[in-house]
Trainee: 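Below you will find the structure I want to go over with you.
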Amino acid sequence: MLRIFYQVLFLVFLISPNLARAELYSFIDEQGVVHFTNIPNDSRYKPLPTTSARNTYTWGDDLGKMRKIHRVDVNDYDAIIVAAARYYTLPAALIKAIIAVESAFEVQAVSNKGAQGLMQLMPDTAAAMYVNDPFNARDNIYGGTRYIRLLANSFNGHLRHTIAAYNAGPKAVEREKDVPSIAETRLYVQRVLILYKHYATSWKP
(Lines give C-alpha, C1' and ligand atoms only; values in the text may rest on other atoms or scores of the structure.)
Protein backbone atom coordinates (compact mmCIF):
# COMPACT_ATOMS: atom_id res chain seq x y z
CA MET A 1 0.00 0.00 0.00
CA LEU A 2 2.80 2.40 0.91
CA ARG A 3 4.57 1.58 -2.35
CA ILE A 4 1.46 2.51 -4.32
CA PHE A 5 1.14 5.73 -2.31
CA TYR A 6 4.71 6.79 -3.09
CA GLN A 7 4.22 5.95 -6.77
CA VAL A 8 1.16 8.19 -6.84
CA LEU A 9 3.08 10.91 -5.02
CA PHE A 10 5.88 10.67 -7.57
CA LEU A 11 3.39 10.97 -10.43
CA VAL A 12 1.93 14.09 -8.82
CA PHE A 13 5.37 15.68 -8.91
CA LEU A 14 5.87 14.65 -12.55
CA ILE A 15 2.59 16.18 -13.75
CA SER A 16 2.89 19.26 -11.54
CA PRO A 17 6.14 21.01 -12.61
CA ASN A 18 5.27 24.11 -10.58
CA LEU A 19 4.91 22.17 -7.35
CA ALA A 20 8.02 22.84 -5.29
CA ARG A 21 9.71 20.24 -3.18
CA ALA A 22 8.82 20.23 0.50
CA GLU A 23 10.29 23.28 2.19
CA LEU A 24 10.72 21.55 5.52
CA TYR A 25 14.10 20.85 7.13
CA SER A 26 15.05 19.07 10.33
CA PHE A 27 17.85 17.85 12.54
CA ILE A 28 18.15 16.04 15.88
CA ASP A 29 20.25 17.78 18.52
CA GLU A 30 22.50 16.26 21.21
CA GLN A 31 19.55 15.90 23.59
CA GLY A 32 17.55 13.97 21.02
CA VAL A 33 15.12 16.83 20.33
CA VAL A 34 13.88 17.02 16.75
CA HIS A 35 13.99 20.55 15.25
CA PHE A 36 11.87 21.59 12.26
CA THR A 37 11.95 24.77 10.19
CA ASN A 38 11.15 26.08 6.72
CA ILE A 39 14.03 28.59 6.99
CA PRO A 40 17.23 26.54 7.49
CA ASN A 41 19.62 28.97 9.18
CA ASP A 42 21.75 26.28 10.82
CA SER A 43 24.14 23.98 8.95
CA ARG A 44 22.70 21.00 10.83
CA TYR A 45 19.35 21.36 9.06
CA LYS A 46 18.82 18.88 6.24
CA PRO A 47 15.87 18.81 3.83
CA LEU A 48 13.30 16.17 4.62
CA PRO A 49 13.07 13.75 1.68
CA THR A 50 9.75 13.64 -0.11
CA THR A 51 10.25 10.09 -1.35
CA SER A 52 10.31 8.46 2.07
CA ALA A 53 8.06 10.78 4.07
CA ARG A 54 4.64 9.73 5.29
CA ASN A 55 3.03 12.60 3.42
CA THR A 56 -0.74 12.83 3.69
CA TYR A 57 -1.80 16.30 2.59
CA THR A 58 -0.63 19.10 0.32
CA TRP A 59 -1.45 22.75 -0.14
CA GLY A 60 0.07 25.83 -1.75
CA ASP A 61 -0.66 29.35 -0.65
CA ASP A 62 -1.77 32.14 -2.96
CA LEU A 63 1.58 33.87 -2.58
CA GLY A 64 3.02 31.17 -4.81
CA LYS A 65 6.11 30.98 -2.63
CA MET A 66 5.26 28.55 0.14
CA ARG A 67 4.23 25.06 -0.83
CA LYS A 68 4.38 22.26 1.68
CA ILE A 69 3.91 18.54 1.80
CA HIS A 70 2.71 17.80 5.30
CA ARG A 71 4.30 14.77 6.91
CA VAL A 72 1.33 14.28 9.23
CA ASP A 73 -2.43 14.23 8.84
CA VAL A 74 -3.55 17.86 9.20
CA ASN A 75 -6.85 16.66 10.68
CA ASP A 76 -5.26 14.87 13.65
CA TYR A 77 -5.83 17.78 16.03
CA ASP A 78 -9.19 19.04 14.75
CA ALA A 79 -11.16 18.02 17.84
CA ILE A 80 -8.73 19.81 20.18
CA ILE A 81 -8.61 22.90 17.95
CA VAL A 82 -12.40 23.17 17.85
CA ALA A 83 -12.74 22.64 21.61
CA ALA A 84 -10.06 25.22 22.45
CA ALA A 85 -11.47 27.75 19.99
CA ARG A 86 -14.96 27.39 21.46
CA TYR A 87 -13.63 27.70 25.01
CA TYR A 88 -11.83 30.94 24.21
CA THR A 89 -14.45 32.20 21.73
CA LEU A 90 -12.21 32.31 18.67
CA PRO A 91 -12.64 30.98 15.13
CA ALA A 92 -11.33 27.42 14.91
CA ALA A 93 -10.15 28.14 11.36
CA LEU A 94 -7.85 30.88 12.70
CA ILE A 95 -6.24 28.55 15.24
CA LYS A 96 -5.72 25.87 12.61
CA ALA A 97 -4.20 28.41 10.21
CA ILE A 98 -1.73 29.56 12.86
CA ILE A 99 -0.74 25.97 13.63
CA ALA A 100 -0.21 25.30 9.92
CA VAL A 101 2.11 28.29 9.55
CA GLU A 102 3.87 27.88 12.89
CA SER A 103 4.70 24.16 12.83
CA ALA A 104 3.11 22.50 9.78
CA PHE A 105 1.30 20.33 12.36
CA GLU A 106 4.55 18.84 13.70
CA VAL A 107 3.83 18.32 17.41
CA GLN A 108 7.55 18.03 18.28
CA ALA A 109 8.64 21.11 16.32
CA VAL A 110 11.28 23.34 17.92
CA SER A 111 12.42 26.61 16.32
CA ASN A 112 15.96 27.95 16.37
CA LYS A 113 14.74 30.49 18.94
CA GLY A 114 13.37 27.79 21.23
CA ALA A 115 9.66 28.01 20.40
CA GLN A 116 8.03 24.64 20.94
CA GLY A 117 5.21 22.46 19.74
CA LEU A 118 2.26 22.92 17.43
CA MET A 119 1.72 26.61 18.18
CA GLN A 120 5.43 27.31 18.72
CA LEU A 121 5.19 28.67 22.25
CA MET A 122 8.26 30.20 23.82
CA PRO A 123 8.98 28.70 27.27
CA ASP A 124 8.03 31.91 29.12
CA THR A 125 4.78 32.22 27.19
CA ALA A 126 3.98 28.54 27.73
CA ALA A 127 4.50 28.95 31.48
CA ALA A 128 2.33 32.07 31.57
CA MET A 129 -0.42 30.19 29.72
CA TYR A 130 -0.26 27.29 32.21
CA VAL A 131 1.16 24.83 29.69
CA ASN A 132 2.73 21.91 31.53
CA ASP A 133 4.03 20.08 28.46
CA PRO A 134 4.53 22.13 25.28
CA PHE A 135 4.86 18.91 23.24
CA ASN A 136 1.48 17.66 24.39
CA ALA A 137 -0.96 18.62 21.63
CA ARG A 138 -3.82 19.53 23.96
CA ASP A 139 -1.68 21.57 26.36
CA ASN A 140 0.00 23.43 23.51
CA ILE A 141 -3.18 24.21 21.56
CA TYR A 142 -5.08 25.39 24.62
CA GLY A 143 -2.10 27.50 25.74
CA GLY A 144 -1.61 29.04 22.30
CA THR A 145 -5.33 29.71 21.89
CA ARG A 146 -5.50 31.34 25.30
CA TYR A 147 -2.59 33.59 24.31
CA ILE A 148 -4.34 34.57 21.06
CA ARG A 149 -7.48 35.39 23.08
CA LEU A 150 -5.45 37.71 25.32
CA LEU A 151 -3.81 39.36 22.29
CA ALA A 152 -7.19 39.81 20.61
CA ASN A 153 -8.48 41.48 23.78
CA SER A 154 -5.45 43.78 23.87
CA PHE A 155 -5.93 44.85 20.24
CA ASN A 156 -9.71 45.20 20.42
CA GLY A 157 -10.25 42.22 18.16
CA HIS A 158 -8.16 43.65 15.30
CA LEU A 159 -7.30 40.49 13.39
CA ARG A 160 -4.12 41.56 11.59
CA HIS A 161 -2.69 43.17 14.72
CA THR A 162 -3.48 40.06 16.77
CA ILE A 163 -1.76 37.77 14.27
CA ALA A 164 1.23 40.10 14.01
CA ALA A 165 1.54 40.24 17.79
CA TYR A 166 1.59 36.46 17.97
CA ASN A 167 4.61 36.47 15.67
CA ALA A 168 6.53 39.61 16.64
CA GLY A 169 5.22 40.24 20.15
CA PRO A 170 2.60 42.76 21.31
CA LYS A 171 5.14 45.51 22.02
CA ALA A 172 6.27 45.59 18.39
CA VAL A 173 2.67 46.10 17.26
CA GLU A 174 2.02 48.70 19.94
CA ARG A 175 5.10 50.69 18.90
CA GLU A 176 4.05 50.97 15.24
CA LYS A 177 0.29 50.84 15.91
CA ASP A 178 0.17 48.49 12.94
CA VAL A 179 1.75 45.31 11.62
CA PRO A 180 5.47 45.90 12.27
CA SER A 181 7.63 46.65 9.25
CA ILE A 182 9.44 43.33 9.68
CA ALA A 183 9.56 41.24 6.51
CA GLU A 184 9.09 37.95 8.37
CA THR A 185 6.08 39.28 10.29
CA ARG A 186 4.39 40.78 7.24
CA LEU A 187 4.78 37.50 5.33
CA TYR A 188 3.59 35.60 8.40
CA VAL A 189 0.40 37.67 8.59
CA GLN A 190 -0.25 37.15 4.88
CA ARG A 191 0.19 33.40 5.17
CA VAL A 192 -2.06 33.08 8.22
CA LEU A 193 -4.79 35.18 6.62
CA ILE A 194 -4.67 33.14 3.40
CA LEU A 195 -4.94 29.88 5.31
CA TYR A 196 -7.59 31.29 7.64
CA LYS A 197 -9.74 32.02 4.59
CA HIS A 198 -8.94 28.59 3.18
CA TYR A 199 -9.98 26.73 6.33
CA ALA A 200 -12.98 28.96 6.98
CA THR A 201 -14.40 28.14 3.55
CA SER A 202 -13.31 24.54 3.00
CA TRP A 203 -12.80 22.92 6.43
CA LYS A 204 -15.79 21.21 7.98
CA PRO A 205 -14.72 20.00 11.45
Side-chain angles (χ1 to χ4, degrees), residues 24 26 33-38 53-61 66 68-111 113-170 173 185 188-205:
L24 196 59
S26 74
V33 176
V34 182
H35 297 253
F36 293 93
T37 187
N38 65 333
R54 293 182 294 120
N55 300 321
T56 56
Y57 186 79
T58 63
W59 59 264
D61 68 16
M66 185 179 72
K68 289 186 180 297
I69 296 178
H70 289 302
R71 292 165 56 81
V72 296
D73 190 332
V74 300
N75 300 312
D76 280 352
Y77 310 108
D78 283 0
I80 303 172
I81 292 169
V82 170
R86 286 176 179 167
Y87 188 83
Y88 289 110
T89 321
L90 287 167
L94 174 62
I95 306 306
K96 187 161 184 170
I98 288 174
I99 291 172
V101 175
E102 287 286 348
S103 67
F105 301 94
E106 296 284 356
V107 73
Q108 296 291 328
V110 179
S111 77
K113 295 180 181 178
Q116 301 171 323
L118 290 167
M119 299 194 73
Q120 290 290 275
L121 301 175
M122 293 297 290
D124 288 348
T125 302
M129 297 299 110
Y130 309 107
V131 175
N132 294 319
D133 179 3
F135 300 112
N136 175 279
R138 188 182 187 281
D139 281 6
N140 192 285
I141 291 172
Y142 267 84
T145 305
R146 183 174 191 268
Y147 185 48
I148 294 169
R149 175 74 270 170
L150 294 175
L151 292 173
N153 292 348
S154 296
F155 294 103
N156 298 313
H158 193 295
L159 182 59
R160 292 176 72 253
H161 291 179
T162 299
I163 296 169
Y166 193 85
N167 175 261
V173 178
T185 301
Y188 176 87
V189 172
Q190 285 181 287
R191 286 173 171 170
V192 170
L193 288 174
I194 287 167
L195 278 175
Y196 177 28
K197 180 180 179 181
H198 166 71
Y199 288 129
T201 57
S202 65
W203 177 43
K204 306 296 181 185

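Below, each value reflects all heavy atoms present in this structure, side chains not excepted, and no hydrogens, waters or symmetry copies.
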Trainee: For S103 and G117, which heavy atoms make the closest approach, and how far apart are they?
Mentor: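 Shortest heavy-atom separation between S103 and G117 comes out as CB-O, 3.7 Å.
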Trainee: Of the non-hydrogen atoms in N136 and D139, which two are nearest, and what is the gap between them?
Mentor: OD1-N, 2.9 Å
Trainee: Heavy-atom distance under 4.5 Å between the side chains of V131 and R146, does that happen here?
Mentor: no
Trainee: Are the side chains of M119 and Y166 in contact, using a 4.5 Å heavy-atom criterion?
Mentor: yes
Trainee: For Y77 and L118, which heavy atoms make the closest approach, and how far apart are they?
Mentor: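 Shortest heavy-atom separation between Y77 and L118 comes out as CE1-CD2, 3.8 Å.
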Trainee: Could you tell me how the ring of H161 sits relative to the ring of H158: parallel (under 30°), tilted (30 to 60°) or perpendicular (over 60°)?
Mentor: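 Parallel.
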Trainee: Indicate the atoms forming the closest heavy-atom contact of M122 with K113, along with that distance.
Mentor: CE-O, 3.2 Å
Trainee: I'd like to check Y188 versus E102 (side-chain heavy atoms, cut-off strictly below 4.5 Å). Are they in contact?
Mentor: yes
Trainee: Below 4.5 Å, heavy atoms only, C-beta onward: do V189 and N167 meet side chain to side chain?
Mentor: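 No, their side chains stay 4.5 Å or more apart.
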Trainee: Please round to the nearest 0.5 Å and tell me the distance separating atom OH of Y147 and atom CG of L121.
Mentor: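 The OH atom of Y147 sits 9.5 Å away from the CG atom of L121.
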Trainee: Taking atom OG1 of T145 and atom CZ of R86, what is their separation to the nearest 0.5 Å?
Mentor: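 Answer for the OG1-CZ pair, T145 versus R86, is 13.0 Å.
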Trainee: Working to the nearest 0.5 Å, report the span between CD1 of I98 and CD1 of I148.
Mentor: 3.5 Å
Trainee: Which atom pair, heavy atoms only, marks the closest approach of A97 to Y196?
Mentor: CB-N, 3.5 Å
Trainee: CD/Q190 to CZ/R160 distance, rounded to the nearest 0.5 angstrom?
Mentor: 8.5 Å
Trainee: Rounded to the nearest 0.5 Å, how far apart are CZ of F105 and CG of N75?
Mentor: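 Here the interatomic distance stands at 8.0 Å.
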Trainee: Can you tell if the side chain of L193 reaches within under 4.5 Å of the side chain of L159, non-hydrogen atoms only?
Mentor: yes
Trainee: Closest heavy-atom contact between A137 and I80?
Mentor: CB-CD1, 4.1 Å
Trainee: Does N140 reach the main-chain N or O of F135 with its side chain, forming a donor-acceptor pair under 3.5 Å?
Mentor: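 Absent.
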Trainee: Has R138 got more than 12 heavy atoms of other residues, nucleotides or ligands less than 6.0 Å from its CZ?
Mentor: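 Counting other residues, nucleotides and ligands, CZ of R138 stays at 12 neighbours or fewer.
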Trainee: Please indicate whether N153 has more than 12 foreign heavy atoms, meaning atoms of other residues, nucleotides or ligands, lying under 6.0 Å from its CG.
Mentor: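 Above 12, so yes.
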Trainee: Could you check if a side-chain atom of W203 sits within less than 4.5 angstrom of a side-chain atom of D78, using non-hydrogen atoms only?
Mentor: yes
Trainee: Does R191 reach the main-chain N or O of V101 with its side chain, forming a donor-acceptor pair under 3.5 Å?
Mentor: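 Checked: no pair found.
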Trainee: With rounding to the nearest 0.5 Å, note down the distance linking CD1 in I163 to OG1 in T185.
Mentor: 12.0 Å
Trainee: Flag the pair K96 / L195 as yes when at least one side-chain heavy-atom distance between them is below 4.5 Å, and no otherwise.
Mentor: no
